[in-house]
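Convention: sequence-line order gives letters A, B, ...; per-chain numbering from 1.
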Number of protein chains: 2
Amino acid sequence: MADDKAKVDCCGVINEDLVKRISENMPDDDLLYDMADLFRVFGDSTRVKIIYVLFESEMCVCDIATILNMNQSAISHQLRVLKDARLVKYRRDGKTIYYSLDDEHVKQLFDQAMAHLMHG
Amino acid sequence: MADDKAKVDCCGVINEDLVKRISENMPDDDLLYDMADLFRVFGDSTRVKIIYVLFESEMCVCDIATILNMNQSAISHQLRVLKDARLVKYRRDGKTIYYSLDDEHVKQLFDQAMAHLMHG
DNA sequence: TGAATATATGAACAGATATTCATATATTCA
DNA sequence: TGAATATATGAATATCTGTTCATATATTCA
């Protein structure tokens with residue numbers, strides 16, 4: 001290339017400086033996937049509801065199911081998704097297993113999302 | 001029911017006070033769905049990457065495609081999803097259409113998500 | 001120990017979604 | 001106007017995801 005900034009692949013404004021700056025500020029690919037995975041966990045209304053319930057109080061599986069009017073298996077599957085994402089933790093008390101939130105950022109994340117929806 | 005607090009449907013700690021408190025603090029169903037829909041938009045790595053690119057600079061469709069090494073159609077489809085969610089806006093300049101972010105909360109949302117991933 | 005209860009989990013299925021391909025639309029410029 | 005270019009979009013397809021059903025596991029208690 002004759003000119004350092006001449007790397008124009010198409011219509012746009014691309015030049016090597018810009019591409020370099022974008023690459024530098026872009027998180028690693030692995031992290032971007034993790035990020036999408038995390039958001040995808042929040043991208044289901046059942047899981048959002050479970051989290052809202054847990055904002056109030058720790059709760060056993062069958063009480064969550066009762067409150068959300070869904071069957072136990074569905075809740076259990078979704079709790080596993082939340083647990084795998086390290087968003088909830090649990091403790092056993094006899095036959096009962098109590099779930100609670102395991103992340104300090106979720107409330108703020110939800111508040112930000114709400115702010116977008118309420119319009120900003 | 002003989003007792004006000006006797007509404008125990010299963011194993012758990014459910015009583016009317018708790019259910020009442022949870023219902024009061026739970027956003028409306030419509031809003032919960034909107035919330036999940038919003039998060040689902042972020043739940044795809046292509047869209048996350050597009051947003052990170054747009055954190056740096058407004059950008060035309062084909063430059064985004066070039067940077068992300070994806071085809072123009074895929075980017076265009078995803079930009080539509082982002083546009084429908086009011087997360088990006090665009091301006092036309094001749095044949096070229098420049099996209100940019102249209103939300104002040106997204107950066108904070110992403111920072112919170114990153115904080116969770118980096119572990120907190 | 002055996003019945004009852006709380007939760008977890010694998011399989012199956014229906015519905016959603018991301019990408020690609022082909023093509024349409026819109027704009028510029030010769 | 002017609003060629004070239006940038007973007008949008010419908011259809012098709014492969015993959016992913018949420019729920020249900022049936023059943024397994026774990027714990028309590030008589």
Side-chain angles (χ1 to χ4, degrees), chain A residues 8-14 32-33 35-51 53-54 58-85 87-100, chain B residues 8-14 32-51 53-54 58-85 88-100:
Chain A
V8 175
D9 294 280
C10 53
C11 61
V13 296
I14 284 188
L32 291 169
Y33 280 103
M35 192 117 172
D37 285 345
L38 176 60
F39 281 123
R40 189 158 46 238
V41 172
F42 297 128
D44 172 79
S45 61
T46 297
R47 291 191 291 268
V48 168
K49 287 176 191 177
I50 291 174
I51 289 169
V53 168
L54 296 182
E58 73 168 5
M59 187 85 48
C60 71
V61 179
C62 99
D63 281 354
I64 297 172
T66 300
I67 290 175
L68 300 188
N69 194 32
M70 293 184 65
N71 80 40
Q72 173 269 321
S73 180
I75 300 299
S76 204
H77 278 296
Q78 298 304 352
L79 283 169
R80 187 159 58 95
V81 174
L82 291 168
K83 180 159 59 80
D84 289 348
L87 295 167
V88 302
K89 59 183 191 298
Y90 64 92
R91 68 179 179 86
R92 177 181 281 276
D93 180 16
K95 284 174 293 188
T96 306
I97 296 181
Y98 290 97
Y99 281 83
S100 59
Chain B
V8 175
D9 294 281
C10 53
C11 61
V13 297
I14 283 190
L32 291 169
Y33 280 103
D34 290 346
M35 193 120 173
D37 285 345
L38 177 61
F39 281 124
R40 188 159 47 239
V41 171
F42 297 128
D44 173 81
S45 62
T46 296
R47 290 190 292 265
V48 167
K49 287 177 189 176
I50 291 174
I51 289 170
V53 168
L54 297 183
E58 73 168 6
M59 187 86 46
C60 71
V61 178
C62 99
D63 280 356
I64 297 172
T66 301
I67 291 175
L68 301 188
N69 195 32
M70 293 183 65
N71 79 39
Q72 172 267 320
S73 180
I75 300 300
S76 205
H77 278 296
Q78 297 304 352
L79 282 169
R80 187 158 59 95
V81 174
L82 291 168
K83 181 160 58 77
D84 288 348
V88 302
K89 59 184 192 295
Y90 64 92
R91 68 178 179 87
R92 177 181 280 274
D93 180 16
K95 284 175 294 190
T96 305
I97 295 182
Y98 291 97
Y99 280 83
S100 58

*Tell me: CG of L79(B) to P of dT9(D), nearest whole Å?*
11 Å
*Okay, side chain of R40(A), backbone of V41(B): is any donor-acceptor separation there less than 3.5 Å?*
no
_Side chains of V48(A) and D44(A), heavy atoms from C-beta outward: is any pair under 4.5 Å?_
no
*How are the rings of F42(B) and F39(A) set relative to one another: parallel (under 30°), tilted (30 to 60°) or perpendicular (over 60°)?*
tilted
_Distance check needed: dT17(C) P versus L82(B) CG, whole Å only._
14 Å
*Nearest-Å distance, CZ (R40(B)) to C1' (dG15(C))?*
12 Å
*asked:* Here's a test of your reading of the structure: between Q78(A) and Y90(B), which maps to the more 5' nucleotide of DNA chain D?
replied: Y90(B)
*Donor-acceptor pair, side chain of D93(B) and main chain of T96(B), under 3.5 angstrom*: no
*Can a side chain N or O of R80(A) be found less than 4.0 Å away from OP1 or OP2 on dA8(C)?*
no
*Determine: side-chain N/O of R47(A) to OP1/OP2 of dG18(D), distance under 4.0 Å, yes or no.*
yes
*Would you say dA6(C) has OP1 or OP2 under 4.0 Å from some side-chain N or O of Y99(A)?*
no
*Between the main-chain N or O of C62(B) and the side-chain N or O of T66(B), is there a donor-acceptor pair closer than 3.5 Å?*
yes
*Any chance you could list the contact pattern along nucleotides 20-30 of chain D? Use B for base contacts, S for sugar-phosphate-only contacts and - for none, protein heavy atoms under 4.0 Å, 5' to 3'.*
BBB---SBS--
*For Y98(A) and dA6(C), what is the distance between atoms OH and P respectively, to the nearest whole Å?*
10 Å
*NE2/H77(B) to OG1/T46(B) distance, rounded to the nearest 0.5 angstrom?*
12.5 Å
